[in-house]
Enquirer: 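Dumping the structure here so I can ask a few things about it.
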Protein chains: 2
Amino acid sequence: MPKQVDYEGRRRRIAEAVCLLADEHGPEGVSMRDVAARAQVSLGAVQRCFRSKGEMLLFAVDHVGERITERVRTRLTASPAQSAATALGHATNEIALLREEHRAEARIWLAFVAQAAVSEPLAGPLRTSYAALQNLLVRLITEAAESGSADEGATPPNPQHEACTLLALADGLTTHVLLGHLTAEEAEEVLHAHLVGLWERLGTIRPEKPSDTPGAHRFARAVSAAPN
Amino acid sequence: MPKQVDYEGRRRRIAEAVCLLADEHGPEGVSMRDVAARAQVSLGAVQRCFRSKGEMLLFAVDHVGERITERVRTRLTASPAQSAATALGHATNEIALLREEHRAEARIWLAFVAQAAVSEPLAGPLRTSYAALQNLLVRLITEAAESGSADEGATPPNPQHEACTLLALADGLTTHVLLGHLTAEEAEEVLHAHLVGLWERLGTIRPEKPSDTPGAHRFARAVSAAPN
DNA sequence: CCGGAAGCGATACGATCGTATTGGAATAAG
DNA sequence: CTTATTCCAATACGATCGTATCGCTTCCGG
C-alpha cells in the first residue's frame, strides 16, 4: 500500500477555504483554483478530494450546516440555562448569527441558500439543517410551555408554528443585517421583543436578558472566543 | 440627427430578461449573451444600453424593487381595505411573495439579496426598496393602532419594531418556501398567525382571513423533512 | 531494497465569460 | 440625394473557468 493521506481532514480544510471565499466574493465567486490556493494545497489535490466542483460545494454546505447546528447545541449544553425559556433565547440568538464574529458564517449561509434556491441537490443539506434547527426549537418551546404556566387560560400556542416563526424571523433579520437595512443592535432588539411576546404567550416568567451581553450591545465579542 | 431608439423601453425589456434568467439559473448565472438572446436583441445592443454588466444588474434590481413595491401599493389602493388591519394583512401577504405566480419574483429577489451581501453597489437599491416597504408597514400599523383600541391597557407596541418583525418574518418565510423547507400553505399559516397576534396587540378587532388562502391545517410534515 | 500503487503538482484543453473593436446599415437634416 | 451621425450585429480578444491528462515523487508491503 502506497502513500495515504488524511482525506477527511483535507476535505474539511478545503471546505473552510470554500467558506472563506464564499464570504468574500459571494457564491459562484469561488473557483477551484482559488479554493486550492486558500487551502494551501494544489489544484490536483482538490480534484482528488472531490470529483467535481458541485461535490465540493455540497460537502462545504454540509460542513457549514453541521457547524452552525453544533454551535447552537454546544451553546445550550455549555451554559446550562436556568430555564427552558432562557435556553430558547440563547438558541435563537445563536441561530440569528447577529454577532459580528459570525457575520462571515451568515454571509456563507446566505450564499448557499441563494444557490440552493435554483439547485436542487444543494437544497437537500440545507433543508436538513433547517429541520434540525426547527426540531430543536420545537423541543425548547414545548419544554418552556410545560415548565411555564400550569394555567391553560390563553390559547396554548402551537410549538410548530412558533418554531417556524422564530426560525424565519431569525433568518430574515440576519439577511437584513447583512444588507445593512438593519444594524445588528436593531435586529437583536426586534428579536428580543418577539421572544418576550412568545414568553408571555407561553406563560413563562419572563427571564432576564437572553443575550450573553448584559451591558453594552456594541461589538459583543465577550464570549466564545473560539475562532473555529 | 440619425437613428433614435427607445432606450428606456429596451432597458426595461433587458431587465425582464435578466430576471427570467436569474430566476432560472440563479445569480451570476446570467451572462450578457444569454440576456441578449432572451431580450431578443443583439449583444451589441445590450452593450449600448449598459456600459457594463454591473450597470445592467443594478438597473435590473432597481426594476424589480420598484415592481414589487408598486404591486404592494396597487394591492392596497385597488381593493380598498375595510380596515387598516386588513390592509396590513394584504400588504404583508403581498410582500411575502408566497403565491405560486410570484415564485419567480421571489427567487430573483433572493438572488439579488445574496449578491448584494458581498457587493455594496447592489445593496443600495435593495436597502431603498426595503426602507420603502418598511415605511409602508409602519404607516399601516400606526393607522391600525389608532383606529383600533381606544383602551391603552397593554403595552402599545412600537410600530417600527412591528414593521421590522413583519418584514423580516415575511422575508424569512419566503426564503424557506423557496428552499422547500416549508410549503407555501404552511408559510401563509405562520404569517397569518403572527398577524393575528399583532392585531390583538394592536387592540383591533380581528378581521376576516386576509387572503385567498385555503384554511387547511396541514402541519404534518413540517419537521424531519426529506434528506433531499 | 525494491516493485508498484497512490498522490499530486504542472500543464493542457475547450468552453464561456465580459469587454473592445469595427464595418456597414439605418435615418434624420440640409 | 447627399451626408453626417447614430446604431448595431459580428467578431476578436484576453482572462478565467472546470476538467482531463500526464509524469514525477512518495511511501508501504514484501
Enquirer: Remember a base hit wins even if backbone is also touched, and classify B/Tyr7 as base, sugar-phosphate or nothing at under 4.0 Å, heavy atoms.
Expert: sugar-phosphate
Enquirer: Rounding to an integer number of Å, can you tell me how far A/Asp6 CG sits from C/dC8 C1'?
Expert: 16 Å
Enquirer: Distance check, rounded to the nearest 0.5 Å: A/Glu162 atom CD versus A/His194 atom NE2?
Expert: 6.0 Å
Enquirer: Take B/Arg33 and B/Arg10, find for each the nucleotide of DNA chain D with the closest heavy atom, and name the residue whose nucleotide sits nearer the 5' end.
Expert: B/Arg10
Enquirer: Write down the distance between CZ (B/Arg51) and P (C/dG18), rounded to a whole number of angstrom.
Expert: 18 Å
Enquirer: Mind calculating the distance between CE (A/Met32) and P (D/dA15) to the nearest angstrom?
Expert: 23 Å
Enquirer: Measure the distance from CD on B/Gln47 to P on C/dT21 and round it to the nearest whole Å.
Expert: 11 Å
Enquirer: Is a side-chain N or O of A/Thr77 found less than 3.5 angstrom from the main chain of A/Thr74, in a donor-acceptor match?
Expert: yes
Enquirer: Between B/Ser31 and C/dC17, does any side-chain N or O lie under 4.0 Å from OP1 or OP2?
Expert: yes
Enquirer: Calculate the interatomic distance between A/Arg48 atom CZ and D/dT21 atom P; express it in whole Å.
Expert: 13 Å
Enquirer: Could you tell me how far apart B/Lys53 (NZ) and D/dT16 (C1') are, to the nearest whole angstrom?
Expert: 13 Å
Enquirer: Rounded to the nearest Å, what distance is computed from the CG atom of residue A/Asp34 to the P atom of nucleotide D/dA15?
Expert: 16 Å
Enquirer: Tell me, with the steps shown, if A/Val138 and A/Thr142 meet side-chain contact (heavy atoms from CB on, under 4.5 Å).
Expert: CA-CA 6 Å; A/Val138 167; A/Thr142 305; 4.0 Å; yes
Enquirer: Between atom CG of A/Leu122 and atom CZ of A/Arg127, what is the distance when rounded to the nearest 0.5 Å?
Expert: 11.0 Å
Enquirer: With a non-hydrogen cut-off below 4.0 angstrom, is B/Val30 in contact with a base, only sugar-phosphate, or nothing?
Expert: sugar-phosphate
Enquirer: For the side chain of A/Leu43, starting at C-beta, report the closest nucleotide among C/dG18, D/dT19, C/dG7.
Expert: D/dT19
Enquirer: Whole angstroms only, please: what is the CE-P distance between B/Met56 and C/dC17?
Expert: 12 Å
